[in-house]
Undergrad: 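Would you mind keeping the following structure in view while I ask a few things?
Nothing here was measured: the structure is a model prediction, and the numbers come from that model.
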Amino acid sequence: MNVPAARIATPCIGICELGADGLCVGCRRTGAEIARWRELDDSERRRLMDEILPARCGGSGAAS
């Protein structure tokens, strides 16, 4: 039986363009973060999505 691979969680929203600040306009990741996304383990991805990216957008990182 062929079991499909689990989908990798990503903050990508399909607006893929690096701004002058070096951050993606859509998801606020750096080019380096985007490039190594598949290498990150789940805890690293979750930390980036829950803490780092919201802070870059001016959010607190706390769930609302």
Side-chain angles (χ1 to χ4, degrees):
M1 178 178 203
N2 190 7
V3 178
R7 225 169 105 138
I8 296 172
T10 177
C12 180
I13 61 169
I15 303 172
C16 305
E17 179 183 335
L18 292 181
D21 59 1
L23 300 176
C24 176
V25 173
C27 68
R28 306 303 293 162
R29 290 181 290 174
T30 66
E33 290 164 345
I34 293 166
R36 59 182 207 121
W37 189 255
R38 290 185 180 264
E39 299 169 12
L40 299 178
D41 64 30
D42 288 342
S43 65
E44 291 172 310
R45 283 189 210 120
R46 181 60 48 209
R47 181 176 171 272
L48 194 67
M49 290 172 42
D50 289 348
E51 298 173 20
I52 297 173
L53 298 179
R56 289 180 185 163
C57 294
S60 67
S64 27

Undergrad: Checking the side chain of E39 only, and the main-chain atoms of R36 only, is there a donor and an acceptor separated by less than 3.5 Å?
TA: no
Undergrad: Taking only Lys NZ, Arg NE, NH1 and NH2, and the carboxylate oxygens of Asp or Glu, determine whether R47 and D41 approach each other closer than 4.0 Å.
TA: no
Undergrad: Do the side chains of I52 and L40 join up, straight or via other hydrophobic residues, at under 4.5 Å, putting them in one cluster?
TA: yes
Undergrad: For residues L23 and L18, determine if any side-chain heavy atom of one lies less than 4.5 Å from a side-chain heavy atom of the other.
TA: no
Undergrad: How close do L53 and M49 get, counting heavy atoms only, and between which atoms?
TA: CD1-CA, 4.2 Å
Undergrad: Restricting to non-hydrogen atoms, name the atom on C12 and the atom on R29 that form the minimum distance, rounded to 0.1 Å.
TA: CB-NH2, 3.8 Å
Undergrad: What's the shortest heavy-atom distance between C27 and P11, and which atoms?
TA: CB-O, 3.5 Å
Undergrad: Within the structure provided, determine whether R28 and L48 are in side-chain contact (heavy-atom separation under 4.5 Å).
TA: no
